[in-house]
Amino acid sequence: MSTPTGLLERVVDQRVSLRLKDSRELSGRLLGLDDHMNLVLDEVEETSNEGSRRLGRVLVRGSNVISLTAASGLLPKRH
Amino acid sequence: MSTPTGLLERVVDQRVSLRLKDSRELSGRLLGLDDHMNLVLDEVEETSNEGSRRLGRVLVRGSNVISLTAASGLLPKRH
Amino acid sequence: MSTPTGLLERVVDQRVSLRLKDSRELSGRLLGLDDHMNLVLDEVEETSNEGSRRLGRVLVRGSNVISLTAASGLLPKRH
Amino acid sequence: MSTPTGLLERVVDQRVSLRLKDSRELSGRLLGLDDHMNLVLDEVEETSNEGSRRLGRVLVRGSNVISLTAASGLLPKRH
Amino acid sequence: MSTPTGLLERVVDQRVSLRLKDSRELSGRLLGLDDHMNLVLDEVEETSNEGSRRLGRVLVRGSNVISLTAASGLLPKRH
Amino acid sequence: MSTPTGLLERVVDQRVSLRLKDSRELSGRLLGLDDHMNLVLDEVEETSNEGSRRLGRVLVRGSNVISLTAASGLLPKRH
Amino acid sequence: MSTPTGLLERVVDQRVSLRLKDSRELSGRLLGLDDHMNLVLDEVEETSNEGSRRLGRVLVRGSNVISLTAASGLLPKRH
């Protein structure tokens, strides 16, 4: 079984996409996280219904995160 | 009596459907969970009023989950 | 005095109706619960302003529950 | 000084009215409560902007309660 | 320095006005309170955009309170 | 580094402005506070989109505060 | 791995931009923070859909913060 935090730690340094409660989506490289699922992302691109913009490095409070998708690190394990 | 967490652990590796507070529905194979009901799903398909899309592997924060339905693992036990 | 959790445990295996914060109503047989009032229901029928549908077995996060009504188990005790 | 929980315990078995966050009002006889102010009411009548209906025995999660009024048990003490 | 709870205890038995999150205002005599700022008021008058009505004795869950004003007990101390 | 609570204690007795979640702004002299950032203000003036009014002494629950500005006490320290 | 709080402490004294839940954006120099991510900013400029205004020194409750961007301190470390 993959636990959520184990999974998150496995995708550090990889690109992830976040869906936030204010309906924005952020994609960027995951630099770090803590127990509250506060996240630090780099090379962030924000997409909302007002279009896209580049934000650089961003800290996101975990309580605003709905879900997180990772491009590769979350692929099924091949044993 | 089936407890909610006992029930969730029994459906790991099976397909489940989630209803989220932002009115999206996600269906996918449950890969793992933790005590906060944070969930990791694989082969996820998202359905919202904007249509459907495939998301791959997704981590969902438990606080956004309203309810979870499982296709088979949640069927009544036959003793 | 009947405590809320004592009352809930008394209606395990009986049919209950839930009103959820997203304005859905779920009715089904209560299979189990935990201290957070997370509930597992079987043979669930969902009613919303979009109509009714059958959902099978469903886990509901307690934080989404507004109120619960039970058909019989909640009847006044006759000593 | 009357504490809120002392007050609630004094009105067990009496009729109370609840105002809920979803703008419904419930009136019924208070059967029991716990530390989270989860309440069990009997002979409940629900009033909302869709009219009134009888609900029988109802468990209400305390976090949905805004305020509670009691017809008599909350009258000033006459020593 | 006047702490908030010290202040509240000083106005027990005096008239206070509450602003609630559902945009109602309640005014009444403060009978008691607890650590969650749950309040018991007597001789309550409710004012909302639907007009005014008398409610008698009311218990208000603290989490619904935005702010509280007291007519006299909150006046600056004259030492 | 100035911590938030250290900062708040430094502005006791000075005028502050609060922005609340219900979009009101309150300005007044800060009389006291506690660990939940519950605040007591004196000589309060409330401004909302319905105009201004004087409220006297007010207790504000910290959970309703978005941000606080202080006229002078928050100026940079000159060592 | 950069943890969120480690990152925040590294940008004390630098300019940051905050996005708040009430859809305002604040930019200013970060003076201090605590474990709840309550923040003190100086030389603050507020931007909302009503335009911009200068606010001076501001304390922001962490629970209202969605995300934080820092101009330079959050740049990738060059070892």
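First the proteins, then the strands, lettered A, B, ... as listed; each starts at 1.
Atoms CE and OG, on D/Met37 and E/Ser63 in that order, are 8.5 Å from each other to the nearest 0.5 Å. Distance check, rounded to the nearest 0.5 Å: CZ of E/Arg54 to OG1 of D/Thr69 gives 13.0 Å. Distance CG/D/Leu68 to CG/E/Leu55: 11.0 Å, rounded to 0.5 Å. With rounding to the nearest 0.5 Å, the separation of NE2 in D/His36 from NE2 in E/His36 is 9.5 Å.
Contact annotation for E/Leu30: neither backbone nor side-chain heavy atoms come within less than 4.5 Å of a heavy atom of chain D.
The side chain to side chain contact (heavy atoms under 4.5 Å, CB included) test with D/Pro4 is passed by exactly one of E/Val40, E/Val60, E/Leu31: E/Val40.
For E/Arg24, the side-chain hydrogen bond (donor to acceptor under 3.5 Å, both in side chains) test picks out D/Ser67, E/Asp22, E/Glu46, with sequence neighbours left out.
The minimum heavy-atom distance linking E/Leu20 with D/Ile66 is given by the pair CD1-CG2, 4.1 Å.
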